[in-house]
J.: 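What follows is a structure written as structure tokens; I'll ask about it next.
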2 protein chains.
Amino acid sequence: MAYRETQRVRRRKAATREQLLRAAEARVRAGGFAALQIQTVAADAGLGVGTVYRYFRNRDSLAAEVFQRATEREVAALVKALAVPGSAITRLHHGLSVFARRALRAPRLARALIADPVSPEVEAQRLHYRRDYACHFRTLLEQGMESGSLPPQPAELSANALVGAVAESLAGPVAEHENESEAVDAVCRFCLRAVGAGAEIPAADAAPSLEINHEG
Amino acid sequence: MAYRETQRVRRRKAATREQLLRAAEARVRAGGFAALQIQTVAADAGLGVGTVYRYFRNRDSLAAEVFQRATEREVAALVKALAVPGSAITRLHHGLSVFARRALRAPRLARALIADPVSPEVEAQRLHYRRDYACHFRTLLEQGMESGSLPPQPAELSANALVGAVAESLAGPVAEHENESEAVDAVCRFCLRAVGAGAEIPAADAAPSLEINHEG
DNA sequence: ACAAGAAGTGAATCACGATTCACACCTTGT
DNA sequence: ACAAGGTGTGAATCGTGATTCACTTCTTGT
């Protein structure tokens, strides 16, 4: 025996893998999953095509991992935003605000996560993600309904509609906005009214300065 | 000179073209634009592959025409629905109801029109369509705001959000519904509340029996 | 029935990415 | 320095559809 993987190598490999994933996500961010091409990603990462296959079984696996990472980051951001103290409505507002801002900042990515057709593998993950995502909103809506601050409504459907409204108006193909904050604000109002919390809409600056880490 | 296109031939050609378009749309209806393959369409129409190219320059042209037809049909349905007499809110409700029902009945098609990535050519049309579509809602929202029955809001953004909410909740990948009418109804309520017409929501059966021609 | 002018056809060809793989180049323990 | 066991590479190969085109089969006016 003369070779055994050492710490140093393990780190380098991890770094390379990371670099590939970053390059891949950058492409998806810019052009959706259609832009996730092995040649391109390899080139971006300064590596050979074959190398990519040392790290990922195939394109779909790479896509799936990019999807999962981005997805988990989004869900985490939402959960964090919802964890704020306050009434169901206040928390919903925070959540929407964060979701909206992220969608606005990375529209292509948002659309990719929500709708880009990829492999069946990714499609399954997408379902998971969507359910998860909607689930958080749904829980909040249910809380609001129980406490009487929201009118009765099918929570599941409302949650999905919220996601659609935000995604479409801010990240859709027709989205144009002079002022980011105004747009985010407008969508939040729209959404709050939609779930029946129109009257209790907090002041415009109730959830303004939430730091957003797009990368971390 | 010994051959001149006659009425009979012209008709047959038109019929063939029509048949190809129908077959193509059927595929899109079932599996989005990814399912629009020349081989498949030709087979469905009972024709040879080459024949398709006698009628359409290439796949993109065919896709574009399928898109345009479906699109125009949708817009026409919306316009017709909005043409009903009554207040801005009533008309909006009718429009939403029709839009929702159509999306629910042909979810894959709805998604294809709204989000499926195709050629740049189609992408341009999509923009047109979306603008057109949103425009009708927008006009109505503006009327409502002028007359004071709707609160001030950025009409363009609200219109897009409405489209997103309906499409996502009824035609999205996570859409599941026991009862069609209930779902349509719930989305309509959601939307009306969203634009600020929550109080004036008409009785549940205010716009129930609008005939929908899915084909014509 | 014949010639001109199309329309119909599908096997062959292209195009475009994904995927493979034989080979070059490191890393490590002796 | 050497052998073992990787890792990195990119030209060659595959796979999947779109597209072409030489050829067959109508249609029509004479």
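Treat the numbers as computed from the prediction; the structure is a model and nothing was measured. Every heavy atom of this structure was used, including side-chain atoms; hydrogens, water molecules and symmetry mates were not. Just so we're on the same page: letters track the sequence lines, and every chain starts at 1.
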J.: Which distance, rounded to the nearest 0.5 Å, do you find between the CG of A:L20 and the OG1 of A:T51?
T.: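 The OG1 atom of A:T51 is 8.0 Å from CG of A:L20, to the nearest 0.5 Å.
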
J.: May I ask you to test the B:Q153-B:V195 pair for a side-chain heavy-atom distance under 4.5 Å?
T.: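 Of all side-chain heavy-atom pairs linking B:V195 with B:Q153, at least one is under 4.5 Å.
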
J.: How would nucleotides 11-26 of chain D be written as a contact map, 5' to 3', with B for base contact, S for sugar-phosphate-only contact and - for no contact, using protein heavy atoms under 4.0 Å?
T.: ------SSBB------

J.: Distance-only check: which donor-acceptor pairs under 3.5 Å involve side-chain atoms of residues 114-125 of chain A, not counting sequence neighbours?
T.:
from, atom 1, to, atom 2, distance (Å)
A:D116, OD2, A:F33, N, 2.9
A:S119, OG, A:V122, N, 3.3
A:E123, OE1, A:R126, NH2, 3.3
A:E123, OE2, A:R126, NE, 2.9

J.: Walk me through whether B:R10 and B:E5 qualify under side chain to side chain contact (heavy atoms under 4.5 Å, CB included).
T.: CA-CA 7 Å; B:R10 201 165 301 136; B:E5 189 180 71; 3.0 Å; yes

J.: Please tell me if the side chains of B:Y3 and B:V9 come closer than 4.5 Å, counting only heavy atoms from C-beta onward.
T.: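 Yes, close enough: below the 4.5 Å cut-off.
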
J.: On the 0 to 90° scale, with breaks at 30° and 60°, tag the B:F137-B:F99 ring pair as parallel, tilted or perpendicular.
T.: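 Judged by the thresholds at 30° and 60°, the geometry between B:F137 and B:F99 is tilted.
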
J.: Between B:Q37 and B:R59, does any side-chain donor sit less than 3.5 Å from a side-chain acceptor?
T.: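 No.
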
J.: Under a plain distance cut-off of 3.5 Å, with no hydrogens placed, do A:R101 and A:S97 share a side-chain donor-acceptor pair?
T.: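 The criterion, which ignores hydrogens and geometry beyond distance, is satisfied for A:R101 and A:S97.
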
J.: Scan A:Y55 against the nucleic acid and name what it touches under 4.0 Å (heavy atoms): base, sugar-phosphate only, or nothing.
T.: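 A:Y55: backbone/sugar contact only, no base atoms under 4.0 Å.
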
J.: Contacts to DNA chain C from residues 118-126 of chain B, heavy-atom cutoff under 4.0 Å, which residues?
T.: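 Listed by number, there are none.
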
J.: When the distance from CZ of A:R27 to P of C:dG17 is rounded to whole Å, what number comes out?
T.: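 Atom-to-atom, A:R27 to C:dG17, this comes out as 12 Å.
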
